[in-house]
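Data block below; observations after.
Within every chain, numbering begins at 1; the chains are lettered A, B, ... in the order of the sequence lines, protein sequences first and strands thereafter.
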Amino acid sequence: MTAAPLAVLLIAAAQSGLALPQPAEMATVSGSQGGWRMQVFTHVNRAQSLPVIGYLRCTIRRPGLLISYGASGGADLEAGGDGTAVAPSDIVAIELGGIRYQAGILTVPRPHRYSDVDYPPGQAEPPVPAGIQAFLGVRRDAGGPWLAAATLVDEMLDAPSLTLRYRAAAGERRLSVPLAGFRRAVRWCEAAMASDRARRLHPR
Amino acid sequence: MTGFLLAAAFAAAQPAPAPAAAPELPYSVTFARTRFGPWKIEAETIVERTTGRPLIDYTRCEIERGGLKLTVWPQGGAWFSLEGYSREADLHFSQNDIRRIALDDDVWEMRWVEVPDSAMRFVDVAYPPVPPPEPCHMCARSSSGFWTSRRRPGDPAFHPQLLADRLIRARVLRIGFEGEVEEAEAPGPILWVEVPLAGLDGALAWCGEAMASDRARRFHGGIPR
């Protein structure tokens, strides 16, 4: 569908009084510094009579890395993509602070059957739960537990760079991502999420 | 014959007996338990109960010793909580009293950040006024908030769970908590409890094997609590 017909449909819908879906998450505050781009997203909870803020998160990104940082201090880390030649599923290791971490995409399994329970034929599987279904995991050695890659975020504050090792047609290749300015970018996010600009339902 | 027919008619006229109530499904099934040195370990499946027949919602393994409980899942991830009692009565502490954690030589400041209702309000929406809370001198800490950890003043404050990799690699965990003082207004001294982490890697390996075993997929024959 081209832009013009879509615009016609939207205008027609508004004129007819149809309620257009309101996005749950709004992009509110943005910034950039030192090669990093930051964006605050404010989630609008409309379950009550008046809308309130559901949560605040801030993304910090540069080619090859995306960190999603929550106002309560939690974080998610994604690697690859974003204009690089690295597909997230091809990442085999992350090097940080002189340590090589084995890396891989981990999936959250849907509820599944016990081996010693008789299930009636045709019993429907429960729906796949909403939320994060896959995440980038790391572990220090083959025998160790897998952890979310976000556990590397604290180490990233003081490291000069992070290296992604990934599978390519010509064998394993590497992509180095500079981390200079990452600490300042996180502090920018903290200040932005605490600001009034992130708490406006109707941006100026 | 007539009596038989009357009896049959009477029986047919009775309402059908109510079906037997489905047995209540348990919240979880513990399929493995052991002690590994100082570590107490328990592995269980959490039962998905909404469809009538039990399904495995997820599997987890908990590793515990005084002061620390670590939970891991087979698909990855770790979560730890700090709370416990030492052998010395003066070193009892609750999570609310924690002010520092140290993993080997690295120390993090721990801080509870309360989130008042006003923090989740839009500045350009007219909300009805909220009456001020009643003064309360012995109130428990508000449950609306979160823990943060940071190494130095001015550093970003992350959720302590992001230290899970450091915890698993460390030789010793030390928990700094605020001790009690007679004057309630004055902050108490920071007291330290040490939790040696020797053997944690072995406990984690045991968890991995248990969660990958056939026992982890059985509903019947779980270990009683």
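- The part of A/Arg140 that comes within reach of chain B is its side chain, from C-beta onward, which places non-hydrogen atoms under 4.5 angstrom from that chain.
- Between the side chain of A/Arg199 and the main chain of B/Ala119, a donor-acceptor pair closer than 3.5 Å is present.
- With a threshold of 4.5 angstrom between heavy atoms, B/Val47 approaches chain A through its backbone and through its side chain.
- No side-chain heavy atom of B/Arg121 sits under 4.5 Å from any side-chain heavy atom of A/Ile53.
- Although no hydrogens or angles enter the test, the distance criterion places a donor-acceptor pair under 3.5 Å between the side chain of B/Arg53 and the main chain of A/Asp118.
- In this structure, A/Glu190 contributes its side chain and B/Ala157 its backbone to a donor-acceptor pair below 3.5 Å.
- Side-chain contact check for A/Val44 versus B/Phe122: some heavy-atom pair is nearer than 4.5 Å.
- Interatomic distance, A/His43 NE2 to B/Met120 CE, rounded to the nearest 0.5 Å: 10.0 Å.
- Ranked by heavy-atom pairs under 4.5 Å with chain B, the first of A/Leu50, A/Leu56, A/Val138 is A/Leu50.
- Ranked by heavy-atom pairs under 4.5 Å with chain A, the list B/Pro74, B/Gly76, B/Ala78 is led by B/Gly76.
- Annotation for B/Ala164 and A/Thr151: closest pair CB-CG2, 4.3 Å, computed over non-hydrogen atoms.
- Heavy atoms closer than 4.5 Å to chain A are found in both the backbone and the side chain of B/Val123.
- Taking both residues in full, the closest heavy atoms of B/Ile168 and A/Pro145 are given as CD1-CG, 3.8 Å, listed atom of the first, atom of the second, then distance.
- The residue among A/Thr42, A/Val52, A/Leu106 with the most heavy atom pairs within less than 4.5 Å of chain B is A/Val52.
- The parts of B/Phe158 that come within reach of chain A are both its backbone and its side chain, each placing non-hydrogen atoms under 4.5 angstrom from that chain.
- Of the listed residues (A/Tyr55, A/Tyr114, A/Tyr69, A/Trp146), the greatest number of heavy-atom pairs within a distance under 4.5 Å of chain B belongs to A/Tyr114.
- With a 4.5 Å cut-off on non-hydrogen atoms, B/Trp79 does not touch chain A at all.
- The stretch residues 209-222 of chain B places B/Arg217, B/Arg218, B/Phe219, B/His220 near chain A, each with some heavy atom under 4.5 Å from a heavy atom of that chain.
- For chain B, the nearby part of A/Ile99 is the side chain; its heavy atoms alone come within less than 4.5 Å.
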Go through the steps for B/Arg151 and A/Asp158 under the test salt bridge (Lys or Arg N to Asp or Glu O under 4.0 Å), then give the verdict.
-> CA-CA 11 Å; B/Arg151 276 214 256 171; A/Asp158 293 321; 3.8 Å; yes
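- Using a 4.5 Å cut-off between heavy atoms, A/Leu201 contacts chain B through both its backbone and its side chain.
- Atom NE2 of A/His112 and atom OG1 of B/Thr59 lie 5.5 Å apart (nearest 0.5 Å).
- In this structure, chain B has no heavy atom under 4.5 Å from any part of A/Ala194.
- If you tally non-hydrogen atom pairs under 4.5 Å between each of A/Ser72, A/Ser115, A/Ala148 and chain B, the highest count goes to A/Ser72.
- Within the 4.5 angstrom heavy-atom criterion, only side-chain atoms of B/Arg166, from C-beta onward, approach chain A.
- Only the side chain of B/Leu204 comes within contact range of chain A, with heavy atoms under 4.5 Å apart.
- Counting heavy atoms from C-beta outward, A/Val153 and B/His159 have side chains that stay 4.5 Å or more apart.
- Heavy-atom distances place both the backbone and the side chain of B/Asp165 under 4.5 Å from chain A.
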